[in-house]
Amino acid sequence: MTRYSKSIISAIAAFGVFAATGLAPSQAGSYGSTMTKADIVDTAVAAGNLDTLVTAVKAAGLVETLKGAGPFTVFAPTDAAFNKIPKAQLDALLADKEALTAVLTYHVIAGKVMAADLVEKRLTSAKTVQGESVNIDARTNVIVNDATVIKADIVTSNGVVHLIDTVIMPPSMISALEAKIRVAALDSGN
């Protein structure tokens, strides 16, 4: 059996494992490289647990940017992460394009940074597209500010996505964002 034949058999076996579990290759495993040919946005749409993020990206007008060439590293809050935000506050954030754009771009780093890069290079911070840096702690689990990476290295055609369990906020905007969100929530009667 040739090396080429073994590679094909391995790929077919891997696909069978993914099909049997009901997971797409881009959704398998907690850590370790997974591949997909879709871009960041299409990967998020297909994931099934990033619906709120997709809604937010659309509301902020960032779809074309995240479909661009990149590469980008996205710390993607899951639906469960967004559910930690009270509904009135989340609705207010989704309605404020400027604040929403700042929050979402705070989850994006220019370039492709894999989980191993965070660990091996002992990165303690990284500058985001929003302009401020996130704190990184990769001593045991990968933690970005106060969010834990729950699934790493979802490789896309234009970067990599790491799922996180908490929405992170730009430090310089926390007070202003909280105030805007409170006012908007009060205005909406919630």
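No experiment lies behind these values; they were computed from the predicted model shown. Positions are given from 1, in the same order as the sequence printed here.
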Original post:
Does the side chain of Val63 come within less than 4.5 Å of Lys67's, by heavy atoms?
Top reply: yes
Original post:
Minimum heavy-atom separation for Glu132 to Pro170, with atom names?
Top reply: OE2-CB, 3.4 Å
Original post:
Is there side-chain contact between Leu94 and Leu100, with at least one heavy-atom pair below 4.5 Å?
Top reply: yes
Subject >> Cluster link Ile164 to Ile143, ILVMFWY, side chain under 4.5 Å >> reply: no
**OP:** With rounding to the nearest 0.5 Å, note down the distance linking OH in Tyr106 to OG in Ser133.
**Re:** 7.5 Å
Original post:
If we only count heavy atoms from C-beta on, is the Phe72 to Ile109 side-chain gap below 4.5 Å?
Top reply: no
Subject >> Verdict with supporting geometry, Lys112 and Asp117, salt bridge (charged side-chain N to carboxylate O under 4.0 Å, His left out) >> reply: CA-CA 9 Å; Lys112 184 177 176 182; Asp117 297 329; over 6 Å; no
Subject >> Asn145 (side chain) donor-acceptor with Ala147 (main chain) under 3.5 angstrom >> reply: no
**OP:** Please report the closest heavy-atom contact between Val160 and Val113, naming both atoms and the distance.
**Re:** CG1-O, 3.5 Å
Subject >> Worked check of side chain to side chain contact (heavy atoms under 4.5 Å, CB included) between Val45 and Thr43 >> reply: CA-CA 5 Å; Val45 168; Thr43 299; over 6 Å; no
Subject >> Student check: side-chain heavy atoms of Val103 and Leu93 closer than 4.5 Å >> reply: yes
Original post:
Hey, are the side chains of Asn135 and Thr124 touching, using non-hydrogen atoms and a 4.5 Å cut-off?
Top reply: no
Original post:
Are any side-chain N or O atoms of Asn158 and backbone N or O atoms of Gly68, one a donor and one an acceptor, separated by less than 3.5 Å?
Top reply: yes
Original post:
Do Val144 and Val149 have side chains that get closer than 4.5 Å, going by heavy atoms?
Top reply: yes
Subject >> Nearest-0.5 Å distance that lies between atom OG1 in Thr156 and atom CD1 in Ile40 >> reply: 4.5 Å
Subject >> Gap separating the OG1 atom of Thr148 from the CG atom of Asp165, nearest 0.5 angstrom >> reply: 4.5 Å
Subject >> Nearest-0.5 Å distance that lies between atom CZ in Arg122 and atom CG in Asp137 >> reply: 12.5 Å
Subject >> Minimum heavy-atom distance between Thr166 and Lys84, given as atom pair plus value >> reply: OG1-NZ, 3.1 Å
Can you give each donor-acceptor pair under 3.5 Å made by side-chain atoms of residues 52-62, sequence neighbours left out, with the distance rounded to 0.1 Å?
{"residue": "Thr52", "atom": "OG1", "partner": "Asp79", "partner atom": "OD1", "Å": "3.2"}
{"residue": "Thr55", "atom": "OG1", "partner": "Asp51", "partner atom": "O", "Å": "3.1"}

Original post:
Would a line drawn from the ring center of His162 to the ring center of Phe75 be shorter than 6.0 Å?
Top reply: yes
**OP:** Test Val108 against Thr128 for side chain to side chain contact (heavy atoms under 4.5 Å, CB included), laying out the working first.
**Re:** CA-CA 5 Å; Val108 180; Thr128 69; over 6 Å; no
Original post:
Atom CD of Gln130 and atom OG of Ser172: how far apart are they, to the nearest 0.5 Å?
Top reply: 5.5 Å
Original post:
Taking all non-hydrogen atoms of both residues, which atom of Pro77 and which atom of Val167 are closest, and how far apart?
Top reply: CB-CG2, 3.8 Å
**OP:** Mark yes or no for whether Asp153, through its side chain, and Ala115, through its backbone, hold a donor-acceptor pair below 3.5 Å.
**Re:** yes
**OP:** Give, for atom NZ of Lys121 and atom CD1 of Ile136, the distance between the pair rounded to the nearest 0.5 Å.
**Re:** 11.5 Å
Original post:
Of the non-hydrogen atoms in Val134 and Ile168, which two are nearest, and what is the gap between them?
Top reply: CG1-CD1, 3.9 Å
